[in-house]
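Step one of this worksheet: look at the structure below.
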Amino acid sequence: MTQSAEISCINKNPRLDPYHAITHVGGFQGNQWKLTLDDAIGKIERHEWTFHVGKTILTQVDVLVAISPYGNKYLKTERDGKEPNNLLSLPECP
């Protein structure tokens with residue numbers, strides 16, 4: 001069965017540099033959890049986990065795997081354009 005988790009924080013270094021990708025995503029479902037970008041992408045592609053941002057059904061947006069023009073996989077929400085703005089607006093994970 002596929003697990004569902006809310007992403008409520010990210011790690012990106014340097015934070016404001018648009019040329020560096022998110023390195024980790026995390027959340028606080030029961031216990032704090034944190035995955036590398038590659039782990040999160042793999043779990044989505046293997047249909048083990050689904051991710052979303054937003055706490056309520058009205059604000060919830062699904063997180064998808066996207067591919068850059070250079071062939072790199074990254075995460076973004078279904079409402080984002082080319083930039084993963086919804087994820088980038090989240091606070092840093094501890």
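No experiment lies behind these values; they were computed from the predicted model shown.
- Applying side chain to side chain contact (heavy atoms under 4.5 Å, CB included) to I41 and the options L75, L35, V25 leaves one that passes, L75.
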Could you please spell out the steps behind the side chain to side chain contact (heavy atoms under 4.5 Å, CB included) verdict for V53 and E6? CA-CA 5 Å; V53 296; E6 177 193 354; 5.6 Å; no
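- Interatomic distance, OH of Y74 versus CG of L37, reported as 11.5 Å (0.5 Å rounding).
- A search for side chain to side chain donor-acceptor pair (under 3.5 Å) contacts involving T36 returns D39, not counting sequence neighbours.
- Atom CH2 of residue W49 and atom CD1 of residue I44 lie 10.5 Å apart, to the nearest 0.5 angstrom.
- A distance of 5.5 Å separates NZ of K34 from SG of C93, quoted to the nearest 0.5 Å.
- A donor-acceptor pair under 3.5 Å is formed between the side chain of T23 and the backbone N or O of N11.
- The distance from atom CG of N13 to atom NE2 of H24, rounded to the nearest 0.5 Å, is 11.0 Å.
- Residue W33 holds its CH2 atom at 7.5 Å from SG of C9, rounded to the nearest 0.5 Å.
- When every heavy atom of D80 is checked against every heavy atom of K76, the shortest pair comes out as O-NZ, 3.6 Å.
- Of all heavy-atom pairs between L88 and K12, the closest is CD2-CD, 3.6 Å.
- Closest of all the heavy-atom pairs between P94 and F28 is CD-CZ, 4.3 Å.
- Here the CD1 atom belonging to I22 is positioned 8.0 Å from the CD1 atom belonging to I7, to the nearest 0.5 angstrom.
- E78 meets the salt bridge (Lys or Arg N to Asp or Glu O under 4.0 Å) test with no other residue; sequence neighbours excluded.
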Atom pairs and distances, side-chain donor-acceptor, residues 60-70, under 3.5 Å, sequence neighbours left out:
from: Q60; atom 1: NE2; to: H52; atom 2: NE2; distance (Å): 3.4
from: S68; atom 1: OG; to: Y70; atom 2: N; distance (Å): 3.1
from: S68; atom 1: OG; to: G71; atom 2: N; distance (Å): 3.4
from: S68; atom 1: OG; to: N72; atom 2: N; distance (Å): 3.1

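- The heavy-atom pair separating S8 from G27 by the smallest distance is OG-CA, 3.3 Å.
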